[in-house]
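Next up is a structure, given as structure tokens.
The basis for the numbers below is simple: all heavy atoms, side chains too, and nothing from hydrogens, waters or symmetry mates.
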Amino acid sequence: MLENWLEPQCVSLHNKVDSYEEAIAIGGDLLVSAGKATESFTKRMISAVEEFGPYMVIAPGIAIPHARPEDGALAVGLSLITLDTPVNFGSPENDPVSLVICLCSTDSESHLDALARLVSLLEDKRNVDEILNAADVSEVMDLVSRF
């Protein structure tokens, strides 16, 4: 079921970035290209870090940036990017981040199932390692399809 929200064209592996802003921009651009969000949604995900701090860094090395539905979400969707060189979001407990999963939703409830399945996937460090070490998108999608 998780693959209903994370499509292969929304996965980008082994990115080289210098900042969390660049990482979020890549994930946001994938959502925009897939027709799931507008460019303003990407900008709002970045400004949320600046405004509210790194609350979206949910575990060591993992961030789930998002914005409010009215900020430009067009559909429920996820994008997933991995970073060759981790970046800091400003979370003393969980930086640096190597896995960025951008989330968009058109309301406050339709994404909850996707989020629950995502958390289930990410709870197992072996799954996170498999994603971070994936050579291609099909490896990530195979793992995701099992959830």
I'd like to know if the side chain of Asp71 and the backbone of Phe41 have a donor-acceptor N/O pair within less than 3.5 Å.
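Not confirmed, Asp71 side chain does not pair with Phe41 backbone.
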Carboxylate-amine/guanidinium contact Glu3 Arg146, below 4.0 Å:
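Salt bridge flag = no for Arg146 with Glu3.
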May I have the step-by-step check of side-chain contact (heavy atoms from CB on, under 4.5 Å) for Val140 and Leu13, ending in yes or no?
CA-CA 9 Å; Val140 173; Leu13 304 175; 3.9 Å; yes
Side chains of Ile81 and Ile101: does their closest heavy-atom pair fall under 4.5 Å?
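Result no, sub-4.5 Å side-chain heavy-atom pair not found.
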Between the side chain of Asn127 and the main-chain N/O of Leu122, is any donor-acceptor distance below 3.5 Å?
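A pair under 3.5 Å: no.
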Quick one: closest heavy-atom pair of Cys104 and Ala73, and the distance?
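Closest approach of Cys104 to Ala73, heavy atoms only: CB-CB, 4.2 Å.
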Within this structure, what is the OG1-CD distance for the pair Thr42 and Glu39, rounded to the nearest 0.5 Å?
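Thr42 atom OG1 to Glu39 atom CD measures 7.0 Å (nearest 0.5 Å).
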N/O donor-acceptor pair under 3.5 Å between Asn15 side chain and Ser12 backbone
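Side chain of Asn15 to backbone of Ser12: a pair is present.
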Residues Arg117, Ser120; criterion side chain to side chain donor-acceptor pair (under 3.5 Å); working and verdict
CA-CA 5 Å; Arg117 290 176 189 271; Ser120 177; over 6 Å; no
Non-hydrogen side-chain atoms of Ser33 and Gln9 separated by less than 4.5 Å
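They are not in contact (no side-chain heavy atoms under 4.5 Å apart), so the answer is no.
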Just so I know, are the side chains of Leu121 and Ile131 near enough to count as touching, which here means a heavy-atom distance under 4.5 Å?
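Yes. Closest side-chain heavy atoms under 4.5 Å.
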Ignoring hydrogens and angles, tell me if any N or O in the side chain of Asn88 forms a donor-acceptor pair with the backbone of Asp95 under 3.5 Å.
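No, because the side chain of Asn88 does not come within donor-acceptor range (under 3.5 Å) of the backbone of Asp95.
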Taking side chain as C-beta onward, heavy atoms only, is Glu139 less than 4.5 Å from Leu143?
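Side-chain contact under 4.5 Å: no.
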A side-chain contact here means heavy atoms from C-beta on lying under 4.5 Å apart; do Leu80 and Val100 qualify?
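Of all side-chain heavy-atom pairs linking Val100 with Leu80, none is under 4.5 Å.
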Would you say the side-chain atoms of His14 pair up with the backbone N or O of Asn133, donor to acceptor, closer than 3.5 Å?
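Side chain of His14 to backbone of Asn133: no pair is present.
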Within-4.5 Å side-chain heavy-atom neighbours: Val32 and Thr38
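Counting from C-beta outward, Val32 and Thr38 never come under 4.5 Å.
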Might you work through the side chain to side chain donor-acceptor pair (under 3.5 Å) test for Asp142 and Ser145, ending with a clear yes or no?
CA-CA 5 Å; Asp142 288 344; Ser145 70; 5.0 Å; no
Lys/Arg-Asp/Glu bridge criterion (N-O < 4.0 Å) met for Glu51, Arg44:
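A salt bridge is present here (some side-chain N lies under 4.0 Å from a carboxylate O).
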4.5 Å side-chain heavy-atom contact, Ile26 and Val17:
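Yes, at least one pair of side-chain atoms sits under 4.5 Å.
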Run the salt-bridge test on Lys36 and Glu7 with the 4.0 Å N-O cut-off and return the result as yes or no.
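Glu7 and Lys36: salt-bridged.
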